[in-house]
Amino acid sequence: MNLILFGPPGAGKGTQAKRLVEQRGMVQLSTGDMLRAAIASGSELGTKVKAVLDRGDLVTDEIVIALIEDRLPEAEAAGGAIFDGFPRTVAQAQALDAMLAKRGQKIDSVLRLKVDEPALIERITKRYAEQGRSDDNPETFVNRLDRYNADTAPLLPYYREQGKLSEVDGMGSVEAVAGSIDAALSVVA
């Protein structure tokens, strides 16, 4: 099963993806984690990625798609992928569909974690204080949220038209959100 966890930064996608990895053995393909690893490597790519993320902007489609494509064999061996933070645009969604189709795969389900913006700001501020992630700086978060609303929100109708979109209230406890996700996935499986 290939699953997309969809929602704005701070919605809890990473937390829920890690839980699904533990329970289902799938591979989490977190573009955020992959990009942070590139930054930590000190490579030329990592330096470019850091500058982009520090501004609150998104890296190019080409970079993100290449990172995802490199990890697909691992996901296939595990029985599926949880895409966390990707796709962010309709162009990326189309590229993902094409990549998967070439491999005889598809996206089976898209789960949207719905949260409100004031709650997101609180989550990001707390995460920034606890983890110090530069992309969680409260000042850059506003830019990230604006970019999400402009670029990523159009994915809702894209996946809704395919009949793959389910919405989950992301404002509950981690356990409540997990239960809602499990219920939505039981319909797909």
Mind listing the closest non-hydrogen atom pair of [X] and [Y] along with its distance?
{"X": "Met1", "Y": "Val188", "value": "CE-CG1, 3.8 Å"}
{"X": "Leu120", "Y": "Pro8", "value": "CD1-CG, 3.5 Å"}
{"X": "Pro138", "Y": "Tyr128", "value": "CD-CD2, 3.6 Å"}
{"X": "Pro87", "Y": "Leu155", "value": "O-CD1, 3.3 Å"}
{"X": "Ala11", "Y": "Leu113", "value": "O-CD1, 3.7 Å"}
{"X": "Met171", "Y": "Ala119", "value": "CE-CB, 3.1 Å"}

What pairs of residues pass the salt bridge (Lys or Arg N to Asp or Glu O under 4.0 Å) test when at least one of them lies in residues 176-187, not counting sequence neighbours?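 Output for this query lists Arg19-Asp182.
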
Would you say [Y] ends up clustered with [X] if hydrophobic residues are merged whenever their side chains have heavy atoms under 4.5 Å apart, either directly or through other cluster members?
{"X": "Phe86", "Y": "Ile39", "value": "yes"}
{"X": "Ile181", "Y": "Tyr159", "value": "no"}
{"X": "Ile82", "Y": "Val168", "value": "yes"}
{"X": "Val49", "Y": "Ile65", "value": "yes"}
{"X": "Val177", "Y": "Ile124", "value": "no"}

Are [X] and [Y] packed together at the side-chain level, in the sense that at least one heavy-atom pair is separated by less than 4.5 angstrom?
{"X": "Leu29", "Y": "Met34", "result": "yes"}
{"X": "Ile63", "Y": "Leu45", "result": "yes"}
{"X": "Leu185", "Y": "Asp108", "result": "no"}
{"X": "Val174", "Y": "Thr15", "result": "yes"}

Should we count CD of Gln23 as having more than 12 external heavy atoms under 6.0 Å? yes

For Lys50, look at atom NZ and say whether over 12 heavy atoms of other residues, nucleotides or ligands are found less than 6.0 Å away. no

For the backbone of [Y] and the side chain of [X], can you confirm whether one donor and one acceptor N or O come within less than 3.5 Å of each other?
{"X": "Lys13", "Y": "Ser30", "answer": "no"}
{"X": "Lys106", "Y": "Ala101", "answer": "no"}
{"X": "Thr125", "Y": "Glu122", "answer": "no"}

Between [atom1] on residue [X] and [atom2] on residue [Y], distance to nearest 0.5 Å:
{"X": "Leu145", "Y": "Ile121", "atom1": "CG", "atom2": "CD1", "value": "7.0 Å"}
{"X": "Glu161", "Y": "Leu165", "atom1": "CD", "atom2": "CG", "value": "11.0 Å"}
{"X": "Glu74", "Y": "Gln28", "atom1": "CD", "atom2": "CD", "value": "11.0 Å"}
{"X": "Ser180", "Y": "Gln16", "atom1": "OG", "atom2": "CD", "value": "9.0 Å"}

Would you say the side-chain atoms of Glu117 and Asn149 include a donor-acceptor pair closer than 3.5 Å?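 Judged by distance alone, the side chains do pair up.
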
Quiz question: by atom type and distance under 3.5 Å, do the side chains of Asn2 and Gln105 form a donor-acceptor pair? yes

Partner of Phe83 under side-chain contact (heavy atoms from CB on, under 4.5 Å), chosen from Leu5, Leu3, Ile68: Ile68

Among Asp57, Asp151, Asp136, exactly one meets salt bridge (Lys or Arg N to Asp or Glu O under 4.0 Å) together with Arg144. Which residue is that? Asp136

Between side-chain atoms of residues 91-100 and protein atoms elsewhere (two or more places apart, or another chain), which donor-acceptor pairs fall under 3.5 Å?
residue: Gln92; atom: OE1; partner: Arg88; partner atom: N; Å: 2.7
residue: Gln92; atom: NE2; partner: Asp61; partner atom: OD1; Å: 2.7
residue: Asp97; atom: OD2; partner: Tyr158; partner atom: OH; Å: 2.5

Considering only NZ, NE, NH1 and NH2 on the basic side and carboxylate oxygens on the acidic side, decide whether [X] and [Y] come within less than 4.0 Å.
{"X": "Glu167", "Y": "Arg160", "value": "yes"}
{"X": "Lys48", "Y": "Glu44", "value": "yes"}
{"X": "Arg127", "Y": "Glu130", "value": "no"}

